[in-house]
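Taking it in order: structure first as structure tokens, then the write-up.
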Amino acid sequence: MRVLVVGTLPPPGGAAARELADLAATRQAAGDEVELLSPDPASSAHRTRRLDGLFLAVELAWLSRRFDALVLRIEEDLPCGRDTGRVARAVVLGALGAAVSRYAEVTLRLDSPVPIPGGVGGRAARALWAAADAIVVRAAADRDELVPAPGVHPDRIVIEEHPPSLSAGVPQWPESTDPELQTAVLEVVRTRAARDRAAVAARATLSVPATGGPRRSQTRVLGVTKLLARHAGHRAVGSARRVAGAVVESHRGQRSS
Amino acid sequence: MTVAGGAAGRLAFVTPRYGEGVVGGAETAIAEAARGLAGRGYDVELLTTCAKSHVSWANEHEPGSFREHDVTIRRFRTAPPASRLVAAELEGRVQRRERLSAEDELAWVNSRFKAPDLQLYLGANAAGYDAIILAPYLFWSTIYGSAVLPERTIVMPCLHDECYAYLGVVRHMLESVAGIWFLTDPEHQLGHRVAPGLAPRHRVVGSGVDVPSHYDPAGFRTRHGLERPFVLYAGRREAGKGWPDLLGAFASAILGGGLPFDLVSIGGGAAGIPEGLREQVIDLGFVSSEELPNAFAAAEALIQPSTNESFSRILMEAWLAGTPVIANAAGEVVAWQIERSQGGLTYRDEHDLANCLYFLAEAPKAAEALAANGREYVLSHYRWDIVLDEMERSLAPFCSRTR
């Protein structure tokens with residue numbers, strides 16, 4: 001599956017940006033062709049574009065010819081900033097709904113609180129929420145805000161809380177003058193790595209929308225071993241295989257339950 | 001015997017491979033030790049084979065002798081194993097740690113290469129040397145050579161904690177020779193585990209590293225077309241050295257995004273880079289010994305994924321160049337070196353590795369401080385003059401007999 005992942009991405013981008021990058025990595029490891037689109041020219045994304053306001057909708061509509069799936073992180077200024085007026089917001093969300101509905105699979109990931117000024121959009125956003133196969137929010141309060149909105153399928157909302165270490169903030173590197181520099185750096189490395197392991201495990205269980213029958217993504221990810229077989233003899237994909245293995249196991253569990 | 005020309009002693013170094021293009025820490029260490037002791041007045045010969053490759057053991061050099069760096073080099077032909085089928089069967093049994101009979105163990109030693117001419121020469125001339133120093137432990141030339149005149153033999157085993165180390169022939173060798181030179185404390189401890197009756201004259205002598213007078217990192221990047229920052233792997237590209245594992249871990253790390261580094265690999269063996277990694281992993285193949293220090297200086301860090309190390313010389317070369325090291329925590333020796341030096345970091349899996357790389361990107365001054373610790377460590381412990389002093393102290397009882 002060709003997947004377009006849109007949002008602010010590292011570096012530095014913060015914890016949520018790294019989470020989005022982790023998600024992209026998991027999809028790629030599972031065999032999807034993933035491209036990253038970011039509004040930040042300094043990011044590591046494949047493409048960087050202006051994505052505020054209508055620019056996002058235009059870009060997504062244009063790229064829909066090349067991608068099957070869309071993962072869109074809705075964040076401040078993407079697409080609506082604090083200064084976006086009511087009419088402008090309605091136009092932007094309407095256009096965005098039309099653009100995302102061109103994708104076969106749509107996942108919307110919302111920062112918390114939901115970063116759409118003046119509420120989650122009313123009728124103008126109906127097409128946007130209706131097109132979403134999964135809406136990932138950070139807190140129950142965000143879910144409660146979304147449920148009454150037109151077009152929202154409540155059973156497609158997934159609450160994904162930040163891992164505790166993310167909520168606590170990313171530990172910072174010590175100063176070069178730290179008398180126990182090596183120990184201090186290793187402590188940060190181990191803490192961050194533990195958080196990353198937890199994030200990968202969480203991604204593995206969140207990669208399938210909660211509702212509906214088997215979807216294309218499921219059958220494709222289960223075929224990941226075929227992709228890996230292309231590299232037979234290359235243990236270089238060993239790590240990817242482990243990540244993919246976790247995803248496959250997760251899917252098996254869901255199918256048998 | 002008599003000592004010719006008032007030399008401090010007459011020494012024979014025996015190593016299976018020697019010369020430009022030979023990649024191997026033990027081979028490099030023994031060649032430099034030979035040159036160093038020759039420079040201190042010893043009459044030194046280095047006996048080796050005509051082989052370059054430790055896989056084929058084909059005779060690629062001409063047999064014969066010549067002088068190089070005040071050392072007489074004598075090359076002897078290798079002979080191929082009698083049966084590759086038998087070799088494969090024995091190798092499988094050793095790998096599975098089956099208990100082999102003494103005959104089967106010797107058959108295994110013989111199944112890779114042998115150098116009968118070298119053995120004949122050593123047998124005829126051993127009495128003319130004050131000491132015979134052989135390395136590394138698992139090769140025919142060392143195991144058979146150590147039996148010629150064990151009372152004058154020193155083995156520099158370069159032991160790794162692997163199946164081969166626990167063979168009976170290895171234990172017998174380490175218990176029957178006159179002396180052993182270990183490179184590190186962890187290797188010394190492994191020696192006691194492998195051979196409880198270790199030769200009494202054993203000591204940790206370390207291994208020396210030449211200190212380059214200058215580095216040219218910018219020139220290295222230009223000559224090899226390297227435009228992005230990179231981390232470096234230097235060594236043989238083979239499973240035993242952790243290369244495939246590093247490729248996997250690096251792939252996983254960069255998939256997360258945000259890391260500005262390429263992985264540059266230098267050394268022998270097929271790099272086998274998967275299609276999807278070819279933009280981020282660059283294989284430079286073999287680089288000359290003159291260019292090698294520049295590679296270390298140009299890198300943001302050296303990555304050492306190997307767990308099979310008895311010293312890990314490349315760590316020292318990286319630290320001398322002002323480059324920090326990121327190493328596999330499962331490698332007992334490299335983890336020991338890194339902890340003792342405070343010159344780098346260790347990783348346990350791809351998540352650790354990714355965050356070590358983030359550290360390089362996000363805290364370059366702290367990374368520089370680690371590298372500075374490493375350089376100080378090398379200069380304090382592993383300059384050749386320090387190591388040669390230690391070797392001379394070990395050689396004194398051997399050479400004094402001829403005074």
Report, as yes or no, whether the 6.0 Å neighbourhood of atom [atom1] on [X] holds more than 12 heavy atoms from other residues, nucleotides or ligands.
{"X": "B:Q280", "atom1": "CD", "answer": "yes"}
{"X": "B:Q95", "atom1": "CD", "answer": "yes"}
{"X": "B:E162", "atom1": "CD", "answer": "yes"}

Measure across [X] and [Y] and return the closest heavy-atom pair with its distance rounded to 0.1 Å.
{"X": "A:L181", "Y": "B:A369", "result": "CD2-CB, 3.6 Å"}
{"X": "B:A366", "Y": "A:P174", "result": "CB-O, 4.0 Å"}
{"X": "B:N355", "Y": "A:W173", "result": "O-CH2, 3.3 Å"}
{"X": "B:G343", "Y": "A:Q182", "result": "N-NE2, 4.1 Å"}

Can you measure from [atom1] ([X]) to [atom2] ([Y]) and round to the nearest 0.5 angstrom?
{"X": "B:F359", "Y": "A:L186", "atom1": "CZ", "atom2": "CG", "answer": "9.0 Å"}
{"X": "B:Q342", "Y": "A:T183", "atom1": "CD", "atom2": "OG1", "answer": "5.5 Å"}
{"X": "B:K365", "Y": "A:T177", "atom1": "NZ", "atom2": "OG1", "answer": "11.0 Å"}

Do A:R190 and B:R348 come within less than 4.5 Å of each other through their side chains, counting heavy atoms only?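 Touching, per the 4.5 Å side-chain cut-off.
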Using heavy-atom distances under 4.5 Å, tell me whether B:I338 contacts chain A through its side chain, its backbone, both, or neither.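 Its backbone and side chain both get close to chain A.
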Region of B:N373 that comes under 4.5 Å of a non-hydrogen atom in chain A: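 B:N373 has no heavy atom closer than 4.5 Å to chain A.
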State plainly whether the residues A:R192 and B:D352 are in salt-bridge range, i.e. N to O under 4.0 Å.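 Here A:R192 does not pair with B:D352 in a salt bridge, since their nearest N and O are not under 4.0 Å apart.
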